[in-house]
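To keep things clear, I will list the structure first and then write my remarks on it.
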There are 2 protein chains.
Amino acid sequence: MKSNRKANTKATRTRSRNPEATRAALVGAAVELILRQGFAATSVGQICDEAGVTKGSFFHHFDSKDAIGRAAIEWWGDFGTNLYAEAWKDAERDPLEKIGRLFAIMEGFTEHENRVCTCVVGIMSQETAQSNDELRQFACRELERWSENVGALIASAKERHCPEATFDPVALAWHLNALWQGSMLIAKTLQDPSLIRRNLSLGREWLAGFFPDDVRSRLLSSSNLNSIQTPSPNP
Amino acid sequence: MKSNRKANTKATRTRSRNPEATRAALVGAAVELILRQGFAATSVGQICDEAGVTKGSFFHHFDSKDAIGRAAIEWWGDFGTNLYAEAWKDAERDPLEKIGRLFAIMEGFTEHENRVCTCVVGIMSQETAQSNDELRQFACRELERWSENVGALIASAKERHCPEATFDPVALAWHLNALWQGSMLIAKTLQDPSLIRRNLSLGREWLAGFFPDDVRSRLLSSSNLNSIQTPSPNP
DNA sequence: GCGATAAAACCGACCGGTTGGTATGTAAAG
DNA sequence: CTTTACATACCAACCGGTCGGTTTTATCGC
């Protein structure tokens with residue numbers, strides 16, 4: 001199980017130090033281990049082994065275990081934002097269509113084989129929200145980032161298609177956030193990723209119901225088949 | 001922070017052994033601590049302190065830490081089932097009304113002061129689903145119990161009000177399960193229980209949308225104001 | 001270009017404390 | 001007088017974190 005410490009010495013024989021790469025390796029290992037077994041159950045020794053680095057080096061880059069927890073949350077948040085960015089770029093496109101692409105991306109994310117669909121932010125939230133206020137705030141920030149982005153998307157779709165409607169776009173975004181997090185949690189326990197897809201599909205139809213009949217298809221059309229290929233967090 | 005070990009020796013001076021009470025105290029302490037700080041972060045020493053029992057006694061009642069984890073999941077599952085039983089008893093009542101009462105109970109559960117609305121099953125799922133198959137199965141069983149019960153309720157409501165409709169009652173139940181779990185998770189991180197109530201309200205309206213207009217009010221009517229008072233898990 | 005030098009990157013042994021779990025003893029219950 | 005329920009003392013393994021030392025790399029006078 002021990003990883004080979006020579007990962008950065010391969011082929012090119014760089015034989016060089018690379019603090020940024022080391023830091024990235026540590027964060028990557030932490031993300032991987034958190035996804036697999038949770039934060040509390042992961043020791044810094046394990047992170048070091050997985051990253052091919054010693055403990056001395058670890059504590060040179062991070063003050064504490066909590067510190068790498070924060071870094072893992074941030075890394076995951078950025079990873080997700082980049083992933084979703086594909087959906088809301090393109091200023092021309094109809095925001096409803098963008099939301100459809102967002103759903104397609106999420107659906108695509110459930111289809112990685114050999115990798116259960118889980119979320120660092122959800123895991124860290126569950127484990128630390130009540131016992132470590134600093135980590136709680138970091139997780140909170142990422143949850144808010146998601147809901148704000150999706151809320152803004154829904155708001156602009158509303159503005160374009162039914163500005164007179166009374167629903168609250170941000171509230172709908174939080175609803176979807178909870179559905180997404182809860183679906184990942186339950187699918188992990190049932191060992192059945194298809195549950196996420198069914199729930200996302202229901203969520204998509206639910207959201208479409210808030211918009212006029214004639215534009216709903218723009219949200220419902222983009223399937224996950226021709227969707228953007230979602231990258232795996234750690235190659 | 002140390003609890004007084006004399007909890008069972010108070011006043012009455014029972015001075016007697018009571019294995020069932022000891023076991024219950026241990027499970028109660030475990031549930032409490034899991035809700036507060038998670039399973040991995042909870043040590044058996046802590047559980048013993050909180051229960052006013054020594055370690056020797058703990059390992060007389062439970063083979064391992066995992067064993068009390070299983071007991072905690074089961075206890076919580078039974079606690080929840082008893083809580084919800086209020087909703088689906090009464091064979092006479094319209095099942096749609098029962099579902100309304102179910103929502104009212106869940107909403108009531110978010111309103112305990114000094115106690116964040118969390119779920120042992122959700123916490124254990126998050127922490128152990130991928131690293132401990134036995135605990136995963138226990139959590140799985142409780143999630144299934146919830147969805148089966150709620151699914152049966154929705155199915156009988158469908159049977160009565162719109163047997164020709166095409167929706168899948170069990171799929172809707174899983175959707176609500178995910179919404180419920182995800183809402184508790186996010187509300188804990190945002191430290192804002194009102195998010196759960198907003199999401200439950202949206203969920204209620206969503207579910208009502210599957211039934212004919214003239215009966216929807218039976219699902220939407222029962223508010224959380226006059227609802228059944230939900231007990232706190234550990235008095 | 002070139003050494004000199006200091007700072008940054010990294011190593012691995014080590015520390016006190018805590019962990020889940022055990023061995024043994026004792027007292028109450030039946 | 002045996003069985004069950006609990007207490008006490010203890011253990012090896014592991015935890016997060018420290019520390020002194022070594023190697024690499026960036027900087028700078030020359």
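Keep in mind that what you see is a predicted model, and the values were worked out from it rather than measured. Proteins get letters first, then strands, A, B, ... in listed order; numbering begins at 1 in each.
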message: Run the side-chain contact (heavy atoms from CB on, under 4.5 Å) test against A:Q46 and tell me which residues pass, sequence neighbours left out.
response: A:L33, A:Q37, A:T42, A:S43
message: Ignoring hydrogens and geometry beyond distance, is a side-chain donor-acceptor pair present between B:D66 and B:S64 at under 3.5 Å?
response: no
- request: Please state how far atom NZ in B:K55 lies from atom C1' in D:dA9, giving the value in whole angstrom units.
  value: 11 Å
- prompt: Looking at residues at least two apart in the chain, or sitting in another chain, which of them share a side-chain hydrogen bond (donor to acceptor under 3.5 Å, both in side chains) with B:N149?
  reply: none
- prompt: Within this structure, what is the CG-to-P distance between B:L26 and D:dA5, rounded to whole angstrom?
  reply: 13 Å
message: Measure CZ/A:R17 against P/C:dA7 and give the value in whole Å, please.
response: 16 Å
field: Interatomic distance where CD belongs to A:Q46 and P belongs to D:dA13 [whole Å]
entry: 17 Å
query: Below 4.0 angstrom from OP1 or OP2 of C:dT18, is there any side-chain N or O of B:S43?
result: no
task: Not counting sequence neighbours, which residues clear side-chain hydrogen bond (donor to acceptor under 3.5 Å, both in side chains) with A:K188? List them please.
output: B:Q126
- prompt: Got a sec? Which of residues 57-71 of chain A come in under 4.0 Å of DNA chain D, heavy atoms?
  reply: A:F59, A:S64, A:K65
- request: Check whether any side-chain N or O of A:T22 sits under 4.0 Å from OP1 or OP2 of C:dC10, and answer yes or no.
  value: yes
message: Nearest whole Å is fine: how far is C:dC10 C1' from A:R23 CZ?
response: 16 Å
- prompt: Rounding to a whole Å, what distance do you find between A:F39:CZ and D:dC15:P?
  reply: 13 Å
Residues that A:W174 engages under ring-ring contact (aromatic ring centres under 6.0 Å, His included), provided they are two or more places apart: none
field: Distance, rounded to the nearest Å, where A:E20 contributes CD and C:dC10 contributes C1'
entry: 16 Å
statement: With sequence neighbours left out, the residues meeting ring-ring contact (aromatic ring centres under 6.0 Å, His included) with A:F59 are none
